[in-house]
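In what follows, a single structure is set out as structure tokens and then discussed.
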Amino acid sequence: MLFSPFLTLTFFLLFSSSVAAIYSAATCSNIVPLRYRSDRISITDFGGVGDGRTLNTKAFRAAVYRIQHLRRRGGTVLYVPPGVYLTESFNLTSHMTLYLAAGAVIKATQELGNWPLIAPLPSYGRGRELPGGRYMSFIHGDGLSDVVITGENGTIDGQGDVWWNMWRQRTLQFTRPNLVEFVNSQDIIISNVIFKNSPFWNIHPVYCSNVVVRYVTILAPRDSPNTDGIDPDSSSNVCIEDSYISTGDDLVAVKSGWDEYGIAYGRPSYGITIRRVTGSSPFAGIAIGSETSGGVENVLAEHINLFNMGVGIHIKTNSGRGGLIKNITVAHVYVENARQGIKIAGDVGGHPDEKFNPNALPVVKGITIKNVWGVKVNQAGLIHGLRNSPFTDVCLSDINFHGMEGPRSPSWKCSDVFGFAHQVSPWPCSQLSSQEPGSCAI
């Protein structure tokens, strides 16, 4: 089931409006109030030209500088009118709204000689792909508050194919840039924008609090490497709702740091809500990990629709990660055409270097997955805990997976797990089916 960008957007807008009407009372978006800004400037006021050829880096940087230093009461809107605005990467500032009109495109240059390098994240200790620093995200914010990226479904285009090709050819010198990243920031709203062709992860809030991502469309080819949709990372109070994501990697992946660096930094992700997300990917729909060394707690994902997936729901960690993964609830999920419906595994993901402690074992407990319906699912589920740190309180209920065409039903494989199953078809492994409910909230 492949979507053109136009059909994708049309489907998503129809889907989001109908579903939002049904579940209008269920929203977490009020964690960040949307402020009205009376002061407004246009990128054209600073020499911006939307012809798709003129480089607008100076215009964007000058406009942000103006907002940062004039400090208008209530902040300022930076308006991007219709047109294609080619630019190098640039920073945002606090108390601003980046507003893309209908037909506005902010497009990343593919001339990479001036792309800034920044330090690695302390919870990763190095670039995620390569040792050393990393390329700054295309649109970047560090230490900010009260920032909005929104508009009339304008587009932020990372033109990532040049980066993907370097990755494939192994000519990268440093880790590829994210499309949008906020670091150490709070009160962030991202809504009503199309994100496409990110060089690496699309939207990455890291060490952030109070973040809303809503009514966005995220697009990248299925074979584009590591183009995760939305990755909350060592962040708290994050709301992701009413969005369509079709990329080459996990649609939403909650993270919290990598091995000994994430353990030392010790900042968990918690209070994450993911609701009414539809999408397609050769990897996972809803993922926890695999970088979970700071811990991940209190995650709710519900009303999720997944098509042509590698794995529907994937909780992934590894020996050496450490970290506590606790109180994860995934409910009301539809999966169509997937390699695996559910995977919870303790042997996924590599290590940043040889300094990790193999005895730093993750603790996985309190995983509730319920009300899942899957068709054309090759394998129902795999739960592979760790011998010295079994997964506990894994609770499955009202789950029904249908296999591919033919008499064979999708199966389960389990090891080193304790939990409870209720009304699961096909019936899961004995480690679940023979247990009492215990602390499972079915």
Side-chain angles (χ1 to χ4, degrees), residues 5-6 9 37 39-70 72 75-93 96-118 134-142 144 147-166 172-174 176-182 190-200 202-203 216-221 224 227:
F6 175 76
L9 180 58
R37 306 195 199 278
D39 189 44
R40 170 173 148 158
I41 58 176
S42 173
I43 193 65
T44 58
D45 299 337
F46 298 84
V49 178
D51 61 3
R53 299 184 304 274
T54 302
L55 194 64
N56 290 278
T57 309
K58 290 183 179 179
F60 278 103
R61 292 178 180 174
V64 173
Y65 183 89
R66 184 268 191 197
I67 296 169
Q68 181 180 9
H69 288 83
L70 286 185
R72 297 294 192 197
T76 298
V77 175
L78 173 55
Y79 177 76
V80 182
V84 179
Y85 298 84
L86 188 70
T87 178
E88 297 171 323
S89 61
F90 61 94
N91 286 284
L92 302 180
T93 191
M96 74 168 288
T97 296
L98 178 62
Y99 190 98
L100 284 76
V105 180
I106 301 176
K107 181 174 284 190
T109 179
Q110 292 189 316
E111 298 293 330
L112 309 182
N114 293 326
W115 207 286
L117 279 172
I118 57 176
R134 59 203 185 101
Y135 291 104
M136 189 179 87
S137 62
F138 177 48
I139 297 178
H140 196 75
D142 194 342
L144 307 185
V147 179
V148 179
I149 300 176
T150 190
E152 304 161 23
N153 288 311
T155 299
I156 296 175
D157 184 353
Q159 291 210 98
D161 55 335
V162 64
W163 296 98
W164 308 333
N165 288 334
M166 286 194 293
L172 277 170
Q173 293 183 298
F174 301 97
R176 287 171 284 159
N178 303 307
L179 191 56
V180 175
E181 180 178 74
F182 287 96
I190 302 173
S191 72
N192 300 93
V193 173
I194 300 169
F195 299 88
K196 61 185 293 186
N197 298 328
S198 176
F200 195 54
N202 275 269
I203 299 175
V216 301
T217 300
I218 302 176
L219 304 173
S224 57
T227 51

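One-based numbering along the sequence shown. Side chains are part of it too, since the values below use all heavy atoms of this structure and drop only hydrogens, waters and symmetry mates.
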> Are Asn178 and Tyr135 side-chain neighbours, meaning at least one heavy-atom pair lies under 4.5 Å?
Replying inline: no
> Should Val84 and Asp157 be marked as a side-chain contact (heavy atoms from CB on, under 4.5 Å) after you check the CA-CA gap, both sets of side-chain angles, and the distance that decides it?
Replying inline: CA-CA 10 Å; Val84 179; Asp157 184 353; over 6 Å; no
> If you look at every heavy atom in Ile218 and Ile203, which pair is closest and at what distance?
Replying inline: CD1-CD1, 4.0 Å
>> Would Ile139 and Glu181 count as a side-chain contact (heavy atoms from CB on, under 4.5 Å) here? Give the steps.
In response: CA-CA 7 Å; Ile139 297 178; Glu181 180 178 74; over 6 Å; no
> How far does OG1 of Thr97 sit from CG of Leu100, to the nearest 0.5 angstrom?
Replying inline: 11.5 Å
> How far does CD1 of Ile118 sit from CG of Asp142, to the nearest 0.5 angstrom?
Replying inline: 7.5 Å
> Can Glu88 and Lys58 be counted as an ion pair, charged N to O under 4.0 angstrom?
Replying inline: no
> Arg66 and Asp39: which non-hydrogen atoms are nearest, and at how many Å?
Replying inline: NH1-OD2, 2.8 Å
>> Before you tell me yes or no, could you show the steps for Val148 and Arg37 under side-chain contact (heavy atoms from CB on, under 4.5 Å), namely the whole-Å CA-CA distance, both residues' side-chain angles and the distance that decides it to 0.1 Å?
In response: CA-CA 11 Å; Val148 179; Arg37 306 195 199 278; 4.0 Å; yes
>> Tell me whether the count of non-hydrogen atoms from other residues, nucleotides or ligands lying under 6.0 Å of CD in Glu152 goes above 12.
In response: yes
> Given the rule in the side-chain contact (heavy atoms from CB on, under 4.5 Å) test, do Ile190 and Thr150 qualify, once you have shown the distances and angles that lead to the verdict?
Replying inline: CA-CA 6 Å; Ile190 302 173; Thr150 190; over 6 Å; no
Could you list the donor-acceptor pairs under 3.5 angstrom formed by side chains in residues 102-111, with sequence neighbours left out?
unit_1	atom_1	unit_2	atom_2	d
Thr109	OG1	Glu111	N	3.0
Gln110	NE2	Gln159	O	3.1
Gln110	NE2	Asp161	OD1	2.5

>> Quick check on Asp51: does its CG atom have over 12 non-hydrogen neighbours (other residues, nucleotides or ligands) under 6.0 Å away?
In response: yes
>> Just so I know, are the side chains of Leu179 and Ser137 near enough to count as touching, which here means a heavy-atom distance under 4.5 Å?
In response: no
> Do Phe200 and Arg134 have side-chain heavy atoms sitting under 4.5 Å apart?
Replying inline: no
>> Side chains of Ile156 and Phe138, heavy atoms from C-beta outward: is any pair under 4.5 Å?
In response: yes
> Between His69 (side chain) and Tyr65 (backbone), is there a donor-acceptor pair under 3.5 Å?
Replying inline: yes
> Which pair of non-hydrogen atoms, one from Val193 and one from Gly151, has the smallest distance, and what is that distance?
Replying inline: CG2-N, 4.3 Å
> Rounded to the nearest 0.5 Å, what separation is found between the CG atom of Leu86 and the OG1 atom of Thr57?
Replying inline: 7.5 Å
> With no hydrogens and no angle check, do the side chains of Ser198 and Thr227 hold a donor and an acceptor under 3.5 Å apart?
Replying inline: no
> Considering only heavy atoms from C-beta outward, does the side chain of Phe195 approach that of Thr217 to under 4.5 Å?
Replying inline: no
>> So, taking the atom named CE in Met96 and the one named CD1 in Ile67, what distance separates them when rounded to the nearest 0.5 Å?
In response: 4.0 Å
> Looking at Pro221 and Ser224, what are the two nearest heavy atoms and their distance?
Replying inline: O-OG, 2.6 Å
> So which heavy atom on Leu78 is nearest to which on Ala63, and how close?
Replying inline: CD1-CB, 3.8 Å
> Do any N or O atoms from the side chain of Asp45 and from the backbone of Ser42 form a donor-acceptor pair under 3.5 angstrom?
Replying inline: yes
> Any sub-3.5 Å donor-acceptor pair from Trp163's side-chain atoms to Pro177's backbone N or O?
Replying inline: no
>> Side chains of Tyr85 and Leu55, heavy atoms from C-beta outward: is any pair under 4.5 Å?
In response: no
>> With heavy-atom distances below 4.5 Å as the criterion, would you say the side chains of Leu219 and Asn197 are in contact?
In response: no
>> Does the Lys NZ or Arg CZ of Arg40 fall within the cation-pi geometry relative to Tyr79 - under 6.0 Å from the ring centre and within 45° of the axis?
In response: yes
>> Looking at every non-hydrogen atom in both residues, tell me the closest pair between Arg61 and Ser89 and how far apart they are.
In response: NH2-O, 2.8 Å
> Strictly by modelled atom types, are Asn56 and Thr87 linked by a side-chain donor-acceptor pair under 3.5 Å?
Replying inline: no
> Mind checking whether Asn91 and Val64 have side chains closer than 4.5 Å, heavy atoms only?
Replying inline: no
